[in-house]
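Reckoned from all heavy atoms, side chains included, excluding hydrogens, waters and symmetry mates. Position 1 is the first residue of the sequence, and the numbers go up from there.
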Amino acid sequence: MPILNVQIMQGHSAAQKTALLKAASQAVVESIAAPLASVRIVLQEVPAEHVIVAGEIGKAMARVDAALIEGRDEAKKSALIAALNQAVCDSIGISGEDVRLSLIHISEPTRLLSIS
C-alpha cells in the first residue's frame, strides 16, 4: 500500500523525473519489503516562485510524504527514509539537506471504489 506524494521544483528533465520515480519505487521495495505492485507514487512539480526554504525563494527542495500501513518497526522506517532521501538526491542532483520526508501511518487500508 505504500503511497508516496513527491514534490520537486520545476526545471528537472524528463529523464531525471523518470529516474526519480523508478528509484523511489525501488527504494520502497528494498527498504520495507513492499511488493512493487502495491507501490504508488505521484510526482508534482512546483514553480520556484512558490517555494521558500530558509527564507530563500526558489531554493532547491524536495518533499516526500509516504503513507504506510501501521506496523513497521523503527529500523524499517529509518531504512525507508534513508533510501528515499538517497533516491531523490541521486535522481535530481540536490543535497540531502534539501530533502524532507514525512511518514503517515494508516491504521487500516482503505480502498477507493470505482464506479463503472
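Connection of I94 to L101 is established within a shared hydrophobic cluster, with ILVMFWY side chains joined at heavy-atom distances below 4.5 Å, either directly or through further cluster members. Taken together through direct or relayed side-chain contacts under 4.5 Å among Ile, Leu, Val, Met, Phe, Trp and Tyr, L103 and V39 form part of one hydrophobic cluster. Both L36 and V28 belong to a single network of hydrophobic side chains, linked directly or stepwise wherever heavy atoms of I, L, V, M, F, W or Y lie under 4.5 Å apart. No continuous path of ILVMFWY side-chain contacts below 4.5 Å connects I32 to I3, so the two sit in separate hydrophobic clusters.
Of all the heavy atoms in M9 and G58, the pair that sits closest is CE-O, 2.9 Å. Minimum heavy-atom separation, D73 to K76: OD1-N, 2.8 Å. Between N5 and Q44, the closest heavy-atom pair is OD1-OE1, 3.1 Å. Between A62 and I92 the shortest heavy-atom distance is CB-CD1, 4.4 Å. The two atoms that bring A24 and A87 nearest to each other are N-CB, 3.9 Å, heavy atoms only.
The distance from atom CG of L21 to atom CD of Q26, rounded to the nearest 0.5 Å, is 13.0 Å. Here the CD atom belonging to E97 is positioned 10.0 Å from the CG atom belonging to N85, to the nearest 0.5 angstrom. In this structure, the separation between NZ on K22 and CD1 on I41 is 12.0 Å, given to the nearest 0.5 Å. Summarising the geometry, atom CD belonging to E70 is positioned 5.5 Å from atom OG belonging to S107; distances are rounded to the nearest 0.5 Å. Between the CD atom of Q7 and the CG atom of D65 there is a distance of 7.0 Å, given to the nearest 0.5 Å. With values rounded to the nearest 0.5 angstrom, T18 atom OG1 is found 13.0 Å from H12 atom NE2.
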- request: Might you work through the side chain to side chain contact (heavy atoms under 4.5 Å, CB included) test for I8 and E45, ending with a clear yes or no?
  value: CA-CA 5 Å; I8 60 173; E45 293 181 282; 4.2 Å; yes
task: Kindly indicate, with the supporting measurements, whether the criterion side chain to side chain contact (heavy atoms under 4.5 Å, CB included) is fulfilled by L68 and M1.
output: CA-CA 6 Å; L68 307 169; M1 180 234 158; 6.0 Å; no
Verdict with supporting geometry, L84 and L4, side chain to side chain contact (heavy atoms under 4.5 Å, CB included): CA-CA 10 Å; L84 286 171; L4 282 65; 3.7 Å; yes
task: Kindly indicate, with the supporting measurements, whether the criterion side chain to side chain contact (heavy atoms under 4.5 Å, CB included) is fulfilled by K17 and L20.
output: CA-CA 5 Å; K17 291 181 280 189; L20 173 55; 5.5 Å; no
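Using modelled atom types, no side-chain atom of Q86 and backbone atom of A83 make a donor-acceptor pair closer than 3.5 Å. The closest donor-acceptor contact from the side chain of S38 to the backbone of P35 lies under 3.5 Å.
Taking 4.5 Å as the limit, every side-chain heavy atom of S102 sits out of range of all side-chain heavy atoms of V64.
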